Peer 1: 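First, the structure itself, so that you have it in front of you.
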Amino acid sequence: MARTEEDLLAELNADLREGVDWKQGAVTYLREIVRSGGPTAERYHLIKPFVGGPDYAPFWVDVFQFLDVVQTADLAPGDVVIDVGCGPGWTVQWLARLGHEVIGLDISAELLEVAETRMQNDPYPPYVEKGFAYDLREHDIEASPLGLDRKARLALFESTLHHFFNPVAALRNTLADLADDGIVAVIEAAAPPKGSEWDLQNIEIMQTYDTIERPYTRAQLLDMLELAGLPYVAFLRPVNGLVPQSVDGLSPMLWELTRADNINIFVASPTAAGLERVDLPVRTVESFRTGWTVVEGVSHRETREDGTAYRWAGPRVLVRLDGPGPHEIAVATIGLDPGQVQRVRVVAGGKVAGSVTLTESRGRATLELAGRPGQIVELQSDRVFSPGWHGEDDPRLLSFTLDEPG
Ligand SMILES: C[S@@+](CC[C@H](N)C(=O)[O-])C[C@H]1O[C@@H](n2cnc3c(N)ncnc32)[C@H](O)[C@@H]1O
């Protein structure tokens, strides 16, 4: 179960300086950044996401992540999209260019002016017979919903959720204008380790501009979503770029993909229908809290007659802990003879963190897993079997089955 909203906000805002008007900081941000950064800062907001070189990294990140999310949202022409905290409006422009009806809301009138300038200077709407369908509204989403006539298919939070003093209120108010099978999509960084360079950089920005820069941990996000009424969620990672057709291309990518909690890109929905509509696995916030995901070392998923699911596992399986836990994994041997024993160990951070002993007569047991969300733990078996169930061409060395929830 989630903490109370009050407890969550107390944790999220514990390190924020007292007596600061954070909303006013957001309203005057553009003025302040132009004052300190000059015309370059203003121009950046007009041309975003484009950047002059030599460092193109922010461009690739912004564009690919945004396009991946929009592709996933699987929108139809004319679908309503709420762009929450649209700022200078590059996402409004791209969504409108795709033929969607975009409601861009922001607390800063000055940033909305930049967005309007951008739209006014774009001569080419997608359809010859009508102009861009967009509406820019000065609105504090933490305070109230928009109250739209047509409900939205997508509510996008592009680099915005971590700016809110009360992100639960922002999500809840957005949800009020979302269709039943609509989705909320969030794209932003995850909380950096305390004291890291990036953490210190965020603290400096907060001091300079009185705007909030405090990304969230996975555990905080799970509570936030549940409290806001978004119990279904899929955490995602982008995969972009050309990859060599060899282990050099794929292995590093797999490694990167399995580390899920160092980036906060996710789609959440009020009903299972939202995730189903966009073909994402339907999992609840609660299942992430105590859940885990196998990332290496198993065969495909199979279902028993009673509907429970399991996988065949080799001698070394990597499992990612999805939430703060506690977590449990049920394992069962697949081929012990009487008198034989099999040990399955959990190794976390290079240390043995638990083990079970299986025998022919006691072939099933449950392992307790502890650790932080996102941590990869390893299950190791001291026995392998070569069942060759699929004939001579089945090279698998299998050790045990593991029950998979959901
Ligand atoms: C980092 S900017 C992101 C802007 C835009 N999505 C983009 O990617 O360029 C965060 C935005 O959230 C807006 N914002 C902050 N608090 C808000 C609130 N309570 N209601 C609406 N917008 C808010 C800020 O004014 C700012 O434009």
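All of these numbers come straight from a predicted model, not from anything done at the bench. Note that ligands are numbered from 1 as they come in the structure, with each ligand's atoms numbered from 1 the same way.
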Peer 1: Note the single closest protein heavy atom to atom 2 (S) of ligand 1, along with its residue, its atom name and the distance in Å.
Peer 2: Ser159 O, 3.9 Å
Peer 1: Does any N or O in the side chain of Gln375 come within less than 3.5 Å of the main-chain N or O of Ala348, such that one atom is a donor and the other an acceptor?
Peer 2: no
Peer 1: State the atoms of ligand 1, each with its element, that fall below the 4.0 Å cut-off from a heavy-atom position in Thr160.
Peer 2: 10 (C), 11 (C), 12 (O)
Peer 1: Above 12 or not: heavy atoms from other molecules or residues under 6.0 Å from CD of Glu116?
Peer 2: yes
Peer 1: Less than 4.0 angstrom from a charged side-chain N to a carboxylate O is my criterion; do Arg214 and Asp15 meet it?
Peer 2: no
Peer 1: To the nearest 0.5 Å, what is the distance between CG (Asp74) and CD1 (Ile183)?
Peer 2: 9.0 Å
Peer 1: Enumerate the atoms of ligand 1 whose separation from the nearest heavy atom of Trp90 is less than 4.0 angstrom.
Peer 2: 7 (C), 8 (O), 9 (O)
Peer 1: As an exercise, identify every atom of ligand 1 less than 4.0 angstrom from a heavy atom of Pro88.
Peer 2: 9 (O)
Peer 1: Nearest protein heavy-atom contact for atom 8 (O) of ligand 1: which residue, which atom, what distance?
Peer 2: Glu158 CG, 3.0 Å
Peer 1: Classify the angle between the aromatic ring planes of Trp60 and Phe64 as parallel (below 30°), tilted (30 to 60°) or perpendicular (above 60°).
Peer 2: parallel
Peer 1: Heavy-atom pairs closer than 4.0 Å: do any link ligand 1 to the side chain of Ala170, the backbone, both, or neither?
Peer 2: neither
Peer 1: Anything under 30° is parallel, anything over 60° is perpendicular, the rest tilted; go ahead and classify Trp94 against Phe50.
Peer 2: tilted
Peer 1: Check whether Thr4 reaches the backbone of Asp7 with its side chain - one donor and one acceptor, N or O, closer than 3.5 Å.
Peer 2: yes
Peer 1: Can you measure from NE2 (His163) to CD (Glu142) and round to the nearest 0.5 angstrom?
Peer 2: 11.5 Å
Peer 1: Would you mind checking which non-hydrogen protein atom is closest to atom 17 (C) of ligand 1, with the distance to 0.1 Å?
Peer 2: Phe164 CE2, 3.3 Å
Peer 1: Is it true that His45 lies under 4.0 Å from ligand 1, counting heavy atoms only?
Peer 2: no
Peer 1: May I have the step-by-step check of salt bridge (charged side-chain N to carboxylate O under 4.0 Å, His left out) for Arg218 and Asp322, ending in yes or no?
Peer 2: CA-CA 8 Å; Arg218 179 62 56 90; Asp322 290 325; 5.4 Å; no
Peer 1: Out of all atoms in ligand 1, which are within 4.0 Å of some heavy atom of Leu105? Include the element for each.
Peer 2: 21 (C)
Peer 1: Checking a contact table here: which protein heavy atom is nearest atom 19 (N) of ligand 1, and how many Å away?
Peer 2: Asp140 OD1, 2.8 Å
Peer 1: In ligand 1, which numbered atoms sit nearer than 4.0 Å to a non-hydrogen atom of Lys48?
Peer 2: 7 (C), 8 (O), 9 (O)
Peer 1: Which is closest to atom 26 (C) of ligand 1 by heavy-atom distance: Asn166, Asp83, Asp106, Leu30?
Peer 2: Asp106
Peer 1: Does the N or O separation between Ile141 and ligand 1 drop below 3.5 Å for any pair?
Peer 2: yes
Peer 1: Ion pair present between Arg304 and Asp403, side-chain N to carboxylate O less than 4.0 angstrom?
Peer 2: yes
Peer 1: Looking only at distances, please establish whether an N/O atom of ligand 1 is found under 3.5 Å from an N/O atom of Glu142.
Peer 2: yes
Peer 1: Salt bridge (charged side-chain N to carboxylate O under 4.0 Å, His left out) for Asp223 and Arg3? Distances and angles first, verdict last.
Peer 2: CA-CA 7 Å; Asp223 287 348; Arg3 286 169 278 187; 2.8 Å; yes
Peer 1: What residue and heavy atom of the protein are closest to atom 1 (C) of ligand 1, and at what distance?
Peer 2: His163 NE2, 3.1 Å
Peer 1: Just need the protein heavy atom nearest to atom 4 (C) of ligand 1, so name the residue and atom and give the distance.
Peer 2: Gly85 O, 3.3 Å
Peer 1: Which residue and non-hydrogen atom of the protein lie closest to atom 21 (C) of ligand 1, and at what distance in Å?
Peer 2: His139 O, 3.2 Å
Peer 1: Any idea which protein heavy atom is nearest atom 23 (C) of ligand 1, and the distance to it?
Peer 2: Ile107 CG2, 3.6 Å
